[in-house]
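Just so you know, ligand 1 is whichever comes first in the structure, and atom 1 is the first atom listed for that ligand.
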Amino acid sequence: MATNNPQKLIEARRILGEGFQVLGLADICCHDDIPETSLTLQGNALLKARHVWDRYGVDCFADDTGLEVDALLGEPGVFTARYGSLYGYGVEHDPDANIRCLLCKLKEVKDRSARFRTVIALIQGGETAPYSLFEGVVEGSITSEPRGLHGFGYDPVFQPNGSRLTFAEMGAEQKNRISHRAIAMRKMMEFLRR
Ligand code: ITT
């Protein structure tokens with residue numbers, strides 16, 4: 001899995017279960033900060049997977065994830081990882097700064113509907129065909145304050161529809177049953193089995 005995010009790797013391993021061994025970038029001694037210069041999730045997922053194939057020659061998949069908030073016209077979207085830093089809150093990849101920025105933007109905003117979207121790009125033998133992209137979406141809303149200690153990133157402020165808990169209040173098992181990442185990964189596994 002072409003990710004530098006250890007929590008994504010842990011989730012991927014849990015979603016796939018014991019029948020699989022998922023290697024991360026550290027396992028192939030890759031410590032590159034892979035540039036994510038595309039303006040789409042799909043483009044960035046492909047960039048990450050392509051980078052690993054080109055330099056290390058191994059089959060891999062990469063996940064790019066965005067949080068889309070309706071009242072913010074789809075922001076942070078492709079800028080989800082560095083949202084806070086764009087508005088002067090902390091540095092890139094700082095989850096607390098990202099959450100503070102998001103909650104500040106949504107202060108007094110009533111429509112708090114949002115979704116997590118994950119796009120996974122799979123490269124096998126150097127090939128990425130159009131059918132090697134897998135998307136997972138989970139609809140929900142942004143809470144007025146962070147709740148819960150599990151998960152990572154924006155989990156404390158994302159409450160999926162149909163639940164009274166945020167992702168960070170759920171255990172890993174519950175999040176992995178319904179999450180954007182789990183949906184995209186199951187689609188990839190179905191494709192690989194076929
Ligand atoms: P890689 O690019 O190395 O995979 P990353 O953390 O930078 O790691 P993304 O580019 O996909 O991953 O950035 C997505 C942002 O969304 C980042 O801030 C994550 O913390 C956050 N994020 C991703 N998946 C999430 C999830 O399941 N729950 C909460 N936040 C998530």
**Message:** Return the closest protein heavy atom for atom 3 (O) of ligand 1 as residue, atom name and distance.
**Reply:** Asn4 N, 2.8 Å
**Asked** Heavy atom under 4.0 Å from ligand 1: found in Phe158's side chain, backbone, both, or neither?
**Response** neither
**Item:** For the student: nearest non-hydrogen atoms of Ala97 and Tyr89, plus distance
**Value:** CB-O, 3.2 Å
**Message:** Distance under 4.0 Å to a non-hydrogen atom of Ala81: what atoms of ligand 1 satisfy this?
**Reply:** 13 (O), 15 (C), 17 (C), 18 (O)
**Complete:** Under 4.0 Å from one or more heavy atoms of Thr3, ligand 1 contributes atoms 1 (P), 3 (O), 4 (O), 8 (O)
**Fill in**
Residue, atom and distance of the protein heavy atom nearest atom 24 (N) of ligand 1 read Arg181 NH2, 2.8 Å
**Fill in**
If we number the atoms of ligand 1 from 1 as shown, the ones under 4.0 Å from a heavy atom of His93 are 7 (O)
**Fill in**
heavy-atom search around atom 21 (C) of ligand 1 in the protein gives Tyr154 CD1, 4.0 Å
**Message:** Could you check whether Ser113 and Asp111, counting side-chain N and O atoms only, form a donor-acceptor pair closer than 3.5 Å?
**Reply:** yes
**Closest contact, heavy atoms only, Leu67 versus Ala114** = CD1-CB, 4.3 Å
**Request:** Could you find the nearest protein heavy atom to atom 12 (O) of ligand 1 and give me its residue, atom name and distance?
**Result:** Lys8 NZ, 2.9 Å
**Asked** Relative to the heavy atoms of Phe116, which atoms of ligand 1 are at a distance of less than 4.0 Å?
**Response** 28 (N), 29 (C), 30 (N), 31 (C)
**Prompt:** Among the clusters formed by ILVMFWY side chains lying less than 4.5 Å apart, do Phe116 and Val157 turn up in the same one?
**Reply:** yes
**Winner among Lys175, Gln7, Glu92 once heavy atoms are compared against atom 26 (C) of ligand 1** = Lys175
**Fill in**
Nearest non-hydrogen protein atom to atom 14 (C) of ligand 1, with distance, is Thr65 O, 3.3 Å
**Message:** Taking 4.0 angstrom as the limit and counting only heavy atoms of Asp64, give me the atoms of ligand 1 inside it, by number and element.
**Reply:** 9 (P), 10 (O), 11 (O)
**Request:** Within a distance under 4.0 Å of any heavy atom of Asn5, pick out the atoms of ligand 1 and give their elements.
**Result:** 3 (O), 6 (O), 8 (O)
**Request:** Report, in ascending order of atom number, the atoms of ligand 1 lying under 4.0 Å from any heavy atom of Asp155.
**Result:** 26 (C), 28 (N), 29 (C)
**Prompt:** Are Leu192 and Ile123 grouped together when hydrophobic residues (ILVMFWY) are joined by side-chain heavy atoms under 4.5 angstrom apart?
**Reply:** no
**Request:** Identify, for atom 20 (O) of ligand 1, the protein heavy atom at the shortest distance, and state residue, atom and that distance.
**Result:** Gly153 CA, 3.5 Å
**Complete:** One finds that the ligand 1 atoms under 4.0 Å from a non-hydrogen atom of Glu36 are 2 (O), 10 (O)
**Item:** Cluster check Tyr87, Val78: I/L/V/M/F/W/Y, side chain < 4.5 angstrom
**Value:** yes
**Message:** Ignoring hydrogens, what is the shortest heavy-atom contact between Glu36 and Asn44? Give both atom names and the distance.
**Reply:** C-OD1, 3.2 Å
**Asked** Is it true that the NZ or CZ of Lys187 lies under 6.0 Å from the centre of Phe134's six-membered ring and within 45 degrees of the ring axis?
**Response** no
**Fill in**
For Ala184 and Gly136, the nearest pair of non-hydrogen atoms, with its separation, is CB-N, 3.6 Å
**Message:** To check your reading of the model: name the closest protein heavy atom to atom 22 (N) of ligand 1, its residue, and the distance in Å.
**Reply:** Phe152 CE1, 3.8 Å
**Prompt:** Starting from atom 15 (C) of ligand 1, which protein heavy atom do you reach first, and at what distance in Å?
**Reply:** Thr80 CG2, 3.5 Å
**Prompt:** What are the two closest heavy atoms between Arg147 and Arg164, and how far apart are they?
**Reply:** NH2-O, 3.1 Å
**Asked** Can you check whether Phe152 reaches Pro95 side chain to side chain, under 4.5 Å on heavy atoms?
**Response** no
**Asked** Under a heavy-atom criterion of less than 4.0 Å, does Phe167 contact ligand 1?
**Response** no
**Request:** Identify the two heavy atoms, one from Arg14 and one from Ala172, that lie closest to each other, and give their separation to 0.1 Å.
**Result:** NH1-CB, 3.3 Å
